[in-house]
Amino acid sequence: MANFQKLTPRSEDYSKWYNELVVKADLAEQSAVRGCMVIKPYGYAIWETIQAELDRRFKEKGVKNAYFPLLIPKSFLSREAEHVEGFAKECAVVTHHRLKNDPNGKGVIVDPDARLEEELIIRPTSETIIWSTYKNWISSYRDLPILCNQWCNVMRWEMRTRLFLRTAEFLWQEGHTAHATKEEAEDYARQMLDVYADFAENVMAIPVIKGVKSPNERFAGALNTYCIEAMMQDGKALQAGTSHFLGQNFAKSFDVQYLSKENKYEYVWATSWGVSTRLMGALIMTHSDDNGLVLPPHLAPTQVVIVPIFKKQEDLDKLMTVVAPLFDKLKARGIRVKLDTDDKSTPGFKFADYELKGVPVRLAMGGRDLENGTIEVARRDTLTKETLPLAGIEEHIVNLLEEVQKNCYQKALDYRIANTREVNSYDEFKEEIKKGGFLLCHWDGTPETEEQIKNDTKATIRCIPLEALPGHKQEEGKCMVTGKPSAGRVVFAIAY
RNA sequence: CGGGAUAUAGUUCAGCCCGGUUAGAAUGCCUGCUUUGGGAGCAGGAGGUCGUGAGUUCGAAUCUCGCUAUCCCGACCA
């Protein structure tokens with residue numbers, strides 16, 4: 001094996017480990033354009049599973065997919081003052097529409113005569129273009145609700161980027177809904193939060209805290225922002241999804257009104273909600289270990305890999321009489337299974353490589369197993385293996401995949417619980433926050449106090465939990481900084 | 001945008017301080033043989049405008065200046 005390079009261990013340098021893992025597990029790589037990534041086939045396959053699972057859940061909620069343009073007229077972004085303030089600093093602007101040959105013979109230059117009358121903004125999010133369109137779609141209460149989603153790319157010109165976690169261009173879905181009443185819109189924003197939480201926990205095996213954002217962390221232009229927050233293995237928080245109740249802000253900015261049953265004009269109520277390729281970062285930092293990626297089975301492009309161990313073609317032929325039917329049986333059970341008969345790399349290499357790629361279950365069969373009627377079953381999450389009778393192994397594999405899925409979730413949840421603690425004084429807070437994790441504290445509800453805490457410690461309020469966390473009560477108290485009354489403990493953490 | 005560093009083979013890096021024929025290593029890649037139950041071994045081979053532009057010099061990867069790009073720290077952001 002000579003100088004094969006292992007991953008940097010997490011304990012040594014967590015962010016180095018992350019960067020290496022993303023590249024070595026073949027998920028993504030840096031592109032020629034600063035801040036933009038190439039998502040490689042293996043990484044994209046995982047994203048496609050995320051898309052498929054979410055898309056199905058959206059459709060169950062009555063959502064339809066649509067597509068709105070990449071480019072947004074600059075004037076649209078001026079309509080909603082608060083909204084534009086949130087994004088103005090990170091927008092890419094299209095100013096010209098033509099290139100021409102450089103008269104000095106050095107390739108092409110931007111044709112100065114081709115300046116756009118109105119500059120176009122590459123979407124940082126699509127509220128404005130969508131609401132300018134919804135205006136044309138809505139005239140009566142009969143047109144409501146409108147429940148649209150789009151899968152697309154957006155661009156936010158970030159200063160500092162990291163693969164999946166923060167890139168200048170990223171993939172996401174953005175849902176945009178229009179409702180007749182405030183109650184319906186608020187309820188819908190909440191429902192979509194539940195969709196996200198259900199998806200995160202049951203498919204990605206990531207435990208999340210459902211909550212509301214404090215005013216400082218709220219989406220620009222929203223009246224209320226709901227979120228799901230997850231804890232990474234280094235104790236930092238990562239926002240995994242958001243759902244906004246936008247009130248009538250965009251309806252008023254774009255003059256979207258409907259005629260009610262009572263023949264009165266009313267402004268429409270709105271929501272928007274989204275998750276992005278950042279979920280890939282959450283996935284990696286929740287489950288993976290020093291040997292590589294760990295994928296929960298529900299998300300793994302390959303759930304089971306079968307590795308026959310052979311020296312000669314005859315050996316493989318013999319093994320195939322057993323392994324090929326097994327492959328078919330597993331496939332028939334709906335398992336995403338791969339049979340690796342490649343003779344160009346050794347079993348040892350394959351074992352290490354499938355571990356790096358996070359394949360949940362690995363089956364190995366060689367001459368000894370063939371004689372004994374057994375097969376070696378290795379699970380990625382625990383790195384354990386056992387030799388089992390081949391007869392009826394499919395049933396075991398089906399159950400094992402579910403067990404791995406559950407274990408991934410439980411491990412992550414145990415970690416979060418172990419690193420979530422109540423803190424009552426600000427002095428204690430300043431010490432505890434250095435250790436990472438979530439701190440449950442009383443806060444007086446003012447942006448000023450949150451700002452002060454952020455300046456002192458870099459910690460922010462990740463959310464105001466909607467329900468009590470396991471092992472903790474929702475209770476009134478006094479703000480740890482000002483001593484003023486607090487309605488309940490909120491979650492503080494250092495965030496990604 | 002401030003502060004620091006780096007730029008040499010596909011990748012990671014050595015060489016630079018102290019200028020001198022043909023710029024090295026590891027890994028990866030290609031070929032052949034031998035191998036295959038935890039990242040195989042041996043032999044051979046291909047692969048470089050030394051980021052870019054100027055300057056100093058008989059001579060520059062090496063010294064000087066400009067430019068560009070990347071990375072780290074800060075600021076900004078979710």
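Throughout, a chain's letter reflects where its sequence line sits, starting with A, and its residues are numbered from 1. Only a predicted model underlies this, so the values are computations on that prediction, with no experimental measurement involved.
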What's A:Glu217 touching, base or sugar-phosphate or nothing? Going by heavy atoms closer than 4.0 Å.
nothing
Provide, to the nearest angstrom, the distance between the CG atom belonging to A:Asn291 and the P atom belonging to B:rG38.
15 Å
Taking B:rC72 as the reference, what is the distance to B:rC67 when you measure between their P atoms (whole Å, please)?
23 Å
Roughly how far apart, to the nearest Å, are B:rU49 and B:rA40 at atom P?
32 Å
With a cut-off of less than 4.0 Å, is there a side-chain N or O of A:Thr346 near OP1 or OP2 of B:rG39?
no
So, OP1 or OP2 of B:rG74: does either fall under 4.0 Å of a side-chain N or O from A:Lys458?
yes
Would you call A:Lys454 and A:Glu450 a salt bridge, taking side-chain N to carboxylate O under 4.0 Å as the test?
no
According to a strict under-4.0 Å criterion, is A:Lys311 in side-chain N/O contact with OP1 or OP2 of B:rU35?
no
What is the distance from CZ of A:Arg166 to P of B:rC77, rounded to the nearest Å?
10 Å
Interatomic distance, A:Lys24 NZ vs B:rG10 P [rounded to whole Å]
19 Å
What's the gap between B:rC63 and B:rG44 when it is taken at their C1' atoms, as a whole Å value?
41 Å
Consider only side-chain N and O atoms of A:Asp444 and A:Thr449, and report whether a donor and an acceptor are under 3.5 Å apart.
yes
How close or far is atom P of B:rC71 from atom CG of A:Asn19, stated in whole angstroms?
10 Å
Run the salt-bridge test on A:Asp381 and A:Lys411 with the 4.0 Å N-O cut-off and return the result as yes or no.
no
Mind checking the C1' distance from B:rC42 to B:rU6? Whole angstroms is fine.
38 Å
Rounded to the nearest Å, what distance is computed from the NZ atom of residue A:Lys312 to the C1' atom of nucleotide B:rU36?
12 Å
Write down the distance between NZ (A:Lys344) and P (B:rC29), rounded to a whole number of angstrom.
13 Å
So, the side chain of A:Arg380 versus the backbone of A:Leu293: is there a donor-acceptor pair under 3.5 Å, distance only?
yes
Determine yes or no for a side-chain-to-main-chain donor-acceptor pair under 3.5 angstrom, with A:Arg379 supplying the side chain and A:Thr384 the backbone.
no
